[in-house]
Protein chains: 4
Amino acid sequence: MSDARKPYPARRSERSRHAILEAARALIGEVGYGKVSIEAIAARAGVGKQTIYRWWPSKGAVVFESILALSQDPQSEEIALPDTGDIEADLKLVMRATAAEFADPAFEAPIRALTSEIVNDPDLAAQYHERLAGPLEEAKKARLRAAQEAGQLAADADLDLVLDVLYSPLHRRWLYRSGPLTPEYADALVDVTLRAFRP
Amino acid sequence: MSDARKPYPARRSERSRHAILEAARALIGEVGYGKVSIEAIAARAGVGKQTIYRWWPSKGAVVFESILALSQDPQSEEIALPDTGDIEADLKLVMRATAAEFADPAFEAPIRALTSEIVNDPDLAAQYHERLAGPLEEAKKARLRAAQEAGQLAADADLDLVLDVLYSPLHRRWLYRSGPLTPEYADALVDVTLRAFRP
Amino acid sequence: MSDARKPYPARRSERSRHAILEAARALIGEVGYGKVSIEAIAARAGVGKQTIYRWWPSKGAVVFESILALSQDPQSEEIALPDTGDIEADLKLVMRATAAEFADPAFEAPIRALTSEIVNDPDLAAQYHERLAGPLEEAKKARLRAAQEAGQLAADADLDLVLDVLYSPLHRRWLYRSGPLTPEYADALVDVTLRAFRP
Amino acid sequence: MSDARKPYPARRSERSRHAILEAARALIGEVGYGKVSIEAIAARAGVGKQTIYRWWPSKGAVVFESILALSQDPQSEEIALPDTGDIEADLKLVMRATAAEFADPAFEAPIRALTSEIVNDPDLAAQYHERLAGPLEEAKKARLRAAQEAGQLAADADLDLVLDVLYSPLHRRWLYRSGPLTPEYADALVDVTLRAFRP
DNA sequence: ACTTAATCGAGACGGTACGTCAAGTCTTTTG
DNA sequence: CAAAAGACTTGACGTACCGTCTCGATTAAGT
């Protein structure tokens with residue numbers, strides 16, 4: 001009887017699951033995503049390779065989930081952006097923080113790994129959206145909606161588009177290393193965006 | 001690398017060089033970037049493996065160059081954007097074309113491959129900038145400068161920032177598959193950008 | 001072996017025991033001894049692996065017992081060789097039958113499997129002797145004793161030796177495939193043996 | 001390019017070939033045939049697994065050749081049995097030596113391993129015949145022919161049959177552990193054989 | 001035109017990792 | 001409490017490629 005079909009999750013070992021994700025996370029940090037192997041994850045987690053193959057379809061999926069797990073625990077349930085009533089100040093705060101995060105090497109490595117996976121795997125891209133990017137975007141849109149109601153943003157602005165204009169340039173600069181992620185750049189993006197969507 | 005103290009380019013076989021790049025390009029299209037191997041490239045090109053290792057440091061470099069070669073040949077020397085005098089119409093034309101290009105599967109595969117490499121290798125990112133993205137950006141900035149002179153764009157606008165705002169959202173949508181690349185979206189980006197940077 | 005401190009045979013499921021031996025026998029015929037696995041036996045028998053491990057120490061033991069069971073059932077209790085009074089005729093009959101049996105592919109596979117086990121496991125060799133070979137030899141020796149009493153065989157002949165000389169060459173030829181198992185060869189062995197041990 | 005097809009023996013590494021056979025031989029002695037793995041042979045020989053798979057089709061073939069190599073080197077070219085003119089004395093000498101050899105544990109292990117392989121693989125059986133058993137049998141038959149010419153053996157005796165009767169019982173007793181391999185037993189077999197085939 | 005030295009196609013080599021199979025152990029649920 | 005079910009760790013399988021290392025056989029310079 002091969003292990004190939006329909007493992008029955010009720011019997012799944014929580015201990016193993018956790019050890020695998022933790023090992024994956026640690027190895028990405030230590031040797032870089034490209035050099036992480038399933039064998040190394042299994043060895044580090046004290047787990048048989050089959051236990052990985054039983055529950056995940058690919059290295060990408062393990063790595064993906066290990067990073068998701070990493071990102072989700074701390075913020076737990078609720079994500080909310082600061083709301084002082086001043087949309088410009090609030091956005092600049094958030095954008096500067098985002099820029100700083102991207103510049104932090106400890107943060108970079110796993111996110112680049114994750115991005116590599118997402119670029120080449122539509123399934124993971126969908127999961128990424130649903131589980132990580134989506135909730136975050138909702139939180140941002142909630143803050144923007146408040147700004148609309150306060151008359152600081154055009155009432156008919158497409159909030160998805162606003163977010164695209166606000167974040168994409170920063171993201172692209174980071175991904176392609178096409179320029180420095182300075183606070184000034186963050187501020188400039190906020191200024192441009194508010195100018196484009198002012199009431 | 002034993003053989004490779006100083007590969008002396010004068011003796012390099014142009015026939016082999018070309019066959020290798022061509023084989024790489026073909027294989028990316030057939031099996032996808034992740035599954036292309038040096039051995040397969042060598043076999044397909046009718047070349048010894050050492051001939052590849054002698055001239056390129058990694059699979060990424062071969063693939064990268066094969067795609068660069070692909071992109072450069074047709075447009076040869078000069079790249080220029082249309083200039084009808086109407087910046088809005090011209091940009092919409094270009095942006096719609098870009099969106100269509102991204103949506104074309106034959107175009108997608110190699111560019112995603114290239115992007116995978118760039119994300120994880122700063123050297124390749126630099127080369128990409130210098131040899132592909134840079135010249136293109138210059139052409140775009142030339143057109144924007146003409147618009148500034150025609151009073152259609154703020155004279156003090158940072159043209160790099162303008163390009164970021166214009167292209168990044170489209171690019172990001174494509175890379176993360178986070179939304180459809182419609183002509184309407186292309187138009188909306190042009191509208192937003194012109195609104196943000198109007199004189 | 002956790003479960004197996006003292007498997008308490010009183011509660012043993014006869015249904016399972018039989019299904020396991022039957023499954024083992026069937027699989028040997030279908031895929032060959034070398035490719036039979038405990039997992040396959042368990043699956044085919046509709047039995048948990050532990051149920052096999054609880055009652056048998058190794059794959060060899062299961063296979064061995066399944067073949068023993070196969071050989072014993074039909075002949076049940078009593079085995080006796082033909083006795084027409086003519087030892088030469090009787091032996092030739094038996095030897096030709098034995099040669100034919102060995103040449104039958106359906107018979108071969110399990111016996112070769114059994115032999116593989118026996119060669120490398122002295123315990124199984126002993127069991128084989130006690131449960132299969134021994135009784136058969138007794139029957140043969142009974143017939144030879146009758147021949148001695150009839151003055152057709154030297155009275156002081158060592159009957160074990162007689163059997164060795166009679167059967168071993170045939171057996172070896174089969175095992176090593178070192179020659180054809182013809183009726184003529186069977187006859188020749190009887191002739192040689194009777195000549196060597198004539199009164 | 002996979003390694004799968006037609007390795008070209010001219011480039012074969014003699015160093016590796018020898019190390020592999022030597023490692024196989026050593027491991028059989030240390031852990032027993034059943035527990036020898038290709039991986040262990042490769043590791044012990046300081047060789048990649050593929051180098052084994054490139055030149056041998058199976059574990060059995062490697063083990064087989066390692067034992068053949070072992071048996072062939074010392075006796076090199078010519079094998080000849082003693083010939084004092086007294087066939088009985090000569091045969092008893094040889095048979096007692098054979099019995100002693102079988103009883104030696106250092107000799108036993110590899111020969112049992114070899115036998116296991118031969119039983120289940122007709123190809124190996126054929127090779128065994130051609131490269132080991134055949135030449136030996138020729139030497140024995142040469143001695144028996146001399147005895148025929150000296151009038152110590154029936155002139156019309158089938159020498160293959162003589163060898164069968166002489167050796168098979170000893171061999172079988174060893175293989176099945178069905179009795180002790182004493183010098184007396186060896187002598188008895190010579191006596192029986194000579195009686196059966198006396199002129 | 002003639003060496004002569006680097007490049008070439010080919011492919012064997014020592015290795016690492018793959019994804020699969022089965023072994024034997026352990027745990028949970030069912031009868 | 002035995003048995004079915006099946007997840008677990010372990011370890012070997014046979015394959016795919018890696019990057020290095022010979023091999024002759026071109027091939028293009030510099031004599």
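Below, chains carry the letters A, B, ... as their sequence lines are ordered, and counting in each starts from 1. Remember, it's a predicted structure, so these values are computed and weren't measured experimentally.
A straight line from CZ of B:Arg54 to C1' of F:dT22 spans 13 Å, rounded to a whole angstrom. A straight line from CD of A:Gln50 to P of E:dC18 spans 13 Å, rounded to a whole angstrom. Computed from coordinates, the C:Ile41 CD1 to E:dA22 C1' distance equals 12 Å when rounded to whole Å. The CD1-P distance, from B:Ile52 to E:dA10, rounds to 12 Å in whole Å. Between D:Arg17 atom CZ and E:dC13 atom C1' there is a gap of 16 Å when expressed in whole angstrom units. Taking atom NZ on B:Lys49 and atom C1' on F:dA16, their separation rounds to 10 Å, with Å as the unit. Nucleotide E:dC21 holds its P atom 16 Å from the NZ atom of C:Lys59, rounded to whole Å. The distance between atom CD of A:Glu14 and atom C1' of E:dT28, rounded to the nearest whole Å, is 17 Å.
The residue among C:Gly46 and B:Ser58 whose nearest nucleotide of DNA chain F is located toward the 5' end is C:Gly46. Ranked by how close their nearest DNA chain E nucleotide is to the 5' end, B:Ser13 and C:Lys35 are led by B:Ser13.
Here the nucleotide nearest the side chain of D:Arg12, chosen from F:dC18, E:dA22, E:dC13, is E:dC13. Out of E:dA10, E:dC18, E:dG14, the shortest distance to the side chain of D:Val47 is found at E:dG14. Which of F:dC18, E:dG24, E:dG9 sits closest to the side chain of B:Ser16 comes down to E:dG9. In this structure, of E:dA23, E:dC8, F:dG14, it is F:dG14 that holds the atom nearest to the side chain of D:Tyr53. For A:Thr51, taking side-chain heavy atoms from C-beta onward, the closest of the listed nucleotides F:dC13, F:dG19, F:dC8 is F:dC8. With E:dA23, F:dA12, F:dA3 as the choices, the nucleotide that has an atom nearest any side-chain atom of D:Ser37 turns out to be F:dA12. The side chain of B:Glu39 sits closest to F:dC18 out of E:dG24, F:dC18, E:dG19.
For E:dC13, one of the phosphate oxygens OP1 or OP2 lies less than 4.0 angstrom from a side-chain nitrogen or oxygen of D:Trp55.
D:Ser116 and C:Val119 get closest at one heavy-atom pair: OG-CG1, 4.2 Å.
Checked against salt bridge (charged side-chain N to carboxylate O under 4.0 Å, His left out), C:Glu14 has the following partners two or more places apart in sequence or in another chain: C:Arg17. With sequence neighbours left out, C:Ala45 forms a side-chain contact (heavy atoms from CB on, under 4.5 Å) with C:Ala19, C:Ile20, C:Ala23, C:Val47.
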List the steps and the verdict of side-chain contact (heavy atoms from CB on, under 4.5 Å) for B:Phe64 and B:Trp56.
CA-CA 10 Å; B:Phe64 180 77; B:Trp56 288 275; over 6 Å; no
side-chain contact (heavy atoms from CB on, under 4.5 Å) evaluation trace for C:Arg112 with C:Leu175
CA-CA 8 Å; C:Arg112 283 196 189 271; C:Leu175 194 61; 4.2 Å; yes
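Here C:Glu30 contributes atom CD and C:Lys35 contributes atom NZ; the two are 13.0 Å apart, rounded to the nearest 0.5 Å. The CD1 atom of A:Ile67 sits 4.5 Å away from atom CG of A:Leu114, with the distance rounded to the nearest 0.5 Å. Note that CZ of A:Arg25 is 14.0 Å distant from CG of A:Leu68, once rounded to the nearest 0.5 Å.
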Protein-nucleotides 24-30 of chain F N/O pairs closer than 3.5 Å?
none

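Heavy atoms of D:Arg15 sit under 4.0 angstrom from primed sugar atoms or phosphate atoms, though from no base atom.
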